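Hydrogens, waters and symmetry mates play no part in the numbers below; they use all other heavy atoms, side chains included. This chain uses plain numbering: 1 for the first residue, then up along the sequence. Not measured: the values here are computed from a predicted model.
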Amino acid sequence: MLIISFLGACVGSFISALFHRYKHQQKLTGRSHCDHCNHSLTWFDLIPIISFILLFGKCRYCRYPISYFSTLIEINLFILFPLIYSLTHSISLLMVVSILLYLSIQDMESLTVSINPLIVLLCFTVIHSNFLSISIALPFYLLLTILNERISMFGQADIDILCLLYLLFSTAILYIIIIACIYALIYFLINRFQVHYIPFVPYIYLAVLTFICIQK
């Protein structure tokens, strides 16, 4: 399980780096560097969680404080990966959860998600699907898209993600939708219904985690 935990931390590090480059419109290629002094980072500066602790949360070269964001994502998946794997024994589901986490971060930041992670999610869900599930999901997806264009209750990405998750969870997607709506309602209640737009992908992410735990 320690290997699975370390894998989770590495995936978390990759997710945070990917989001940082997406947010600042940087190329996906090229070496990581300190945002303050622009010094290139070596491999021992990039060990998930461990490097942050050994460096006391500061850049090795300029001693500028490092953002906690990346480390929190690494710790998140360091804990979740062994938990999910012990319940499901599925590496693919670990990757699906990772993609949902990345999409959640994007949605919280800008209320939008990029197409590339959705394509990767599509690949993972189709692999574990069958022709019957796809034949059900496709017309359902088209119907929801048409209705949403008139009513505009959800973002298009929310519908994309939920339909893709149907390929993985089948009819259990209804439980995930209900749980996600409960989480969103709690958020509304806390904010006394003063929020007009909320990022719904994070609640889908939390709902998937909750469903994985309670179904076992």
Partner set under ring-ring contact (aromatic ring centres under 6.0 Å, His included) for Y61, not counting sequence neighbours: H39
So do [Y] and [X] actually touch side chain to side chain, heavy atoms under 4.5 Å?
| X | Y | answer |
| --- | --- | --- |
| P202 | Y183 | no |
| Y205 | T210 | no |
| F81 | V97 | no |

Candidate pair D107 and S104, rule side chain to side chain donor-acceptor pair (under 3.5 Å), full reasoning: CA-CA 5 Å; D107 199 22; S104 298; over 6 Å; no
Check against side chain to side chain contact (heavy atoms under 4.5 Å, CB included), T88 and L94: CA-CA 9 Å; T88 66; L94 296 180; 5.6 Å; no
Donor-acceptor contact below 3.5 Å, side chain N191 vs main chain Y187: yes
S16 side-chain N/O to G12 backbone N/O, donor-acceptor pair under 3.5 Å: yes
Just checking [X]: does its [atom1] atom have more than 12 heavy atoms from other residues, nucleotides or ligands closer to it than 6.0 angstrom?
| X | atom1 | result |
| --- | --- | --- |
| Y64 | OH | no |
| Y175 | OH | no |
| I127 | CD1 | yes |

Shared-cluster residues of L72, by chain and number - hydrophobic side chains joined below 4.5 Å: F52, I66, Y68
Aromatic plane relationship, Y102 with Y22 - under 30° parallel, 30 to 60° tilted, over 60° perpendicular: perpendicular
Criterion side chain to side chain donor-acceptor pair (under 3.5 Å) on E149 and T145, from CA distance to verdict: CA-CA 6 Å; E149 287 180 354; T145 300; over 6 Å; no
